[in-house]
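Heads up, the thing below is written out as structure tokens.
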Amino acid sequence: MSYKTPNHDYKYELNKDLNFSAAHFIPDDRAGKCSNVHGHTYFVNITIAGDELDDLGFLVNFSSLKSLISDAFDHTLLNEHERFQERPPTTETMAETIYDMVAEFVDGLDNRPVCLQVYLRETPTSYVIYRPKERRN
């Protein structure tokens, strides 16, 4: 599957698709049924770009990205995650949180790739794309 990504002039663009199952609730009556605990199988696409490969020939190791997200969220109640103590785990805040986690991870790599965007699908008909106004470099 292809995703619309921001224009860039990096030599490499990597996209990693993954999914995880998790429960959450939005602690506000205005959320309607979503104020009750319920679950989703989330689908994520992470877009990373860069000019240099590491010594193994990777921009980023795909399995590292999968572990980063799955280990944090798969089969959990998202509301209990430390990153959602100050705000509810909506699709929008989840996409931004995943972006932040990936950006923190790639910031530590010697070849300095950057996370361009995170696409997060919560249901077959609802998704969010998070793209920061300014990319980390």
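In this chain, residues are counted from 1 in sequence order. Computed from a predicted structure; not experimentally measured. Below, each value reflects all heavy atoms present in this structure, side chains not excepted, and no hydrogens, waters or symmetry copies.
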**OP:** Kindly write out the residues that satisfy side chain to side chain donor-acceptor pair (under 3.5 Å) with T41, not counting sequence neighbours, or none if the list is empty.
**Re:** S21
Working to the nearest 0.5 Å, report the span between [atom1] of [X] and [atom2] of [Y].
| X | Y | atom1 | atom2 | result |
| --- | --- | --- | --- | --- |
| H24 | E122 | NE2 | CD | 4.5 Å |
| T97 | E92 | OG1 | CD | 11.5 Å |
| L120 | S126 | CG | OG | 10.5 Å |
| D17 | Y119 | CG | OH | 9.0 Å |
| R112 | D51 | CZ | CG | 13.0 Å |
| T90 | D28 | OG1 | CG | 12.0 Å |

Original post:
Hey, mind stepping through H81 and T76 against side-chain contact (heavy atoms from CB on, under 4.5 Å) and telling me if it holds?
Top reply: CA-CA 8 Å; H81 194 281; T76 66; 5.8 Å; no
Within the 4.5 Å heavy-atom criterion, are [X] and [Y] side-chain neighbours or not?
| X | Y | answer |
| --- | --- | --- |
| F25 | V37 | yes |
| P88 | T93 | no |
| T91 | T123 | no |

Spell out, yes or no, whether [X] and [Y] are grouped together once hydrophobic residues are joined by side-chain heavy atoms under 4.5 Å, including indirect joins.
| X | Y | answer |
| --- | --- | --- |
| L59 | F62 | yes |
| F58 | V102 | no |
| F105 | I48 | yes |
| V44 | F84 | yes |
| V118 | L109 | yes |

Subject >> Step-by-step side-chain contact (heavy atoms from CB on, under 4.5 Å) determination, L65 to L14 >> reply: CA-CA 11 Å; L65 293 173; L14 170 154; 3.8 Å; yes
Original post:
Shortest non-hydrogen contact from E52 to N111?
Top reply: O-ND2, 2.9 Å
Original post:
How far apart are the closest heavy atoms of H8 and A49, and which atoms are they?
Top reply: CE1-CB, 4.1 Å
Original post:
In this structure, which one of T5, N15, I129, L18 forms a side chain to side chain contact (heavy atoms under 4.5 Å, CB included) with N45?
Top reply: N15
**OP:** Please confirm whether the backbone N or O of G32 pairs with a side-chain atom of S35, one donor and one acceptor, at under 3.5 Å?
**Re:** yes
Taking atom [atom1] of [X] as the centre, report whether more than 12 heavy atoms of other residues, nucleotides or ligands fall under 6.0 Å from it.
| X | atom1 | value |
| --- | --- | --- |
| Q85 | CD | yes |
| D71 | CG | yes |
| D110 | CG | no |
| F20 | CZ | yes |

Subject >> Pair R83-D100, side-chain contact (heavy atoms from CB on, under 4.5 Å): steps then yes or no >> reply: CA-CA 10 Å; R83 293 183 183 252; D100 289 343; 4.1 Å; yes
**OP:** Step by step, work out the side-chain contact (heavy atoms from CB on, under 4.5 Å) result for I69 and I98.
**Re:** CA-CA 7 Å; I69 305 308; I98 291 170; 3.7 Å; yes
Original post:
Can you list the residues that meet the ring pair (Phe, Tyr, Trp, His ring centres under 6.0 Å) rule with Y130, with sequence neighbours excluded?
Top reply: Y99
Original post:
Taking the inter-plane angle between the rings of H38 and H40 on a 0 to 90° scale, is it parallel (under 30°), tilted (30 to 60°) or perpendicular (over 60°)?
Top reply: perpendicular
